[in-house]
Amino acid sequence: QKEVEQDPGPLSVPEGAIVSLNCTYSNSAFQYFMWYRQYSRKGPELLMYTYSSGNKEDGRFTAQVDKSSKYISLFIRDSQPSDSATYLCAMRPFSGGYNKLIFGAGTRLAVHP
Amino acid sequence: GAVVSQHPSRVICKSGTSVKIECRSLDFQATTMFWYRQFPKKSLMLMATSNEGSKATYEQGVEKDKFLINHASLTLSTLTVTSAHPEDSSFYICSAPPTLQETQYFGPGTRLLVL
């Protein structure tokens with residue numbers, strides 16, 4: 001079993017839809033959770049970062065962490081064609097200076113007009 | 001957010017030659033940088049952790065003599081692919097966490113094609 005599971009998709013939605021992207025994990029020590037967006041042939045771009053459980057909102061994006069269920073989500077409201085990309089979840093435990101991230105496989109999202 | 005650059009963005013070389021890729025943190029210092037490799041439509045594969053002033057730590061299965069890493073300063077790490085072969089063709093990406101921050105910022109990536 002992988003430490004982080006993420007459905008690779010592809011996920012295709014119409015413009016304006018609410019998108020839900022999810023990851024599950026097995027390591028209860030994970031404390032820091034991130035979502036990255038990666039366009040084709042580009043480096044990943046940090047979208048959201050949360051610590052421990054709870055919600056965080058930034059514009060059209062909302063990140064949720066449920067540590068009891070070992071489940072994290074990224075919601076995209078009013079999705080746009082420009083949101084078409086691969087979304088990677090990443091996480092790491094709290095361990096002083098140790099900051100190697102564990103990534104999910106990435107979910108490919110296509111928003112069509 | 002913090003900015004990480006990579007150079008070159010794309011390189012084509014002949015089999016047997018060595019290629020150096022630079023990773024720079026432009027507006028912050030990073031005692032640690034990470035090097036990843038990514039195949040088409042696949043996730044990131046961590047190759048090694050670059051540590052300023054000390055030896056790099058390589059992930060299992062990554063040849064340290066093949067992929068030489070030097071972290072010369074708090075803003076620069078280099079990855080040298082030695083005696084490159086066509087199977088080394090890939091997308092190489094670096095990342096860096098600003099000191100005392102938990103997040104990582106990625107460079108734009110370097111596309112290597114070995115003929």
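Below, chains carry the letters A, B, ... as their sequence lines are ordered, and counting in each starts from 1. Any value given below was found using the heavy atoms of this structure, including those in side chains, with hydrogens, waters and symmetry copies removed.
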Tell me, for [X] versus chain B, whether the close heavy atoms (under 4.5 Å) come from the side chain, the backbone, both or neither.
X: A:Gln38; result: side chain
X: A:Tyr36; result: side chain
X: A:Arg108; result: side chain

Report task. Please look at B:Gln38 and chain A and tell me whether the side chain, the backbone, both or neither of the residue comes under 4.5 angstrom of a heavy atom of that chain. Result ->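 Interface part for B:Gln38: side chain.
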Requested in this report: Check whether NZ of the Lys or CZ of the Arg B:Arg111 lies under 6.0 Å from the centre of the six-membered ring of B:Phe91 and within 45 degrees of that ring's axis.
Outcome: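 Yes, B:Arg111 sits over the ring of B:Phe91.
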Query raised in the report: For A:Glu3 and A:Ser26, does a side-chain donor sit closer than 3.5 Å to a side-chain acceptor?
Result: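 Note: A:Glu3 and A:Ser26 side chains miss the donor-acceptor criterion.
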Query raised in the report: Any sub-3.5 Å donor-acceptor pair from A:Glu45's side-chain atoms to A:Arg37's backbone N or O?
Result: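 Looks like no, no N/O pair under 3.5 Å.
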Query raised in the report: Taking B:Thr31, B:Thr103, B:Val4, B:Thr49 one by one, which has the highest count of heavy-atom pairs under 4.5 Å against chain A?
Result: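 Looking at each of B:Thr31, B:Thr103, B:Val4, B:Thr49 in turn, B:Thr103 comes out on top.
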Query raised in the report: Do you know which two heavy atoms are closest between B:Leu74 and B:Ser25, and how far apart they sit?
Result: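 Taking every non-hydrogen atom into account, O-OG, 3.6 Å.
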Requested in this report: For the pair B:Tyr36 and B:Phe106, name the ring-plane relationship: parallel under 30°, tilted 30 to 60°, perpendicular over 60°.
Outcome: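 It falls in the tilted class, 30° to 60°.
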Query raised in the report: Looking at A:Gly43, A:Pro44, A:Pro8, which makes the most heavy-atom pairs under 4.5 Å with chain B?
Result: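 That would be A:Pro44.
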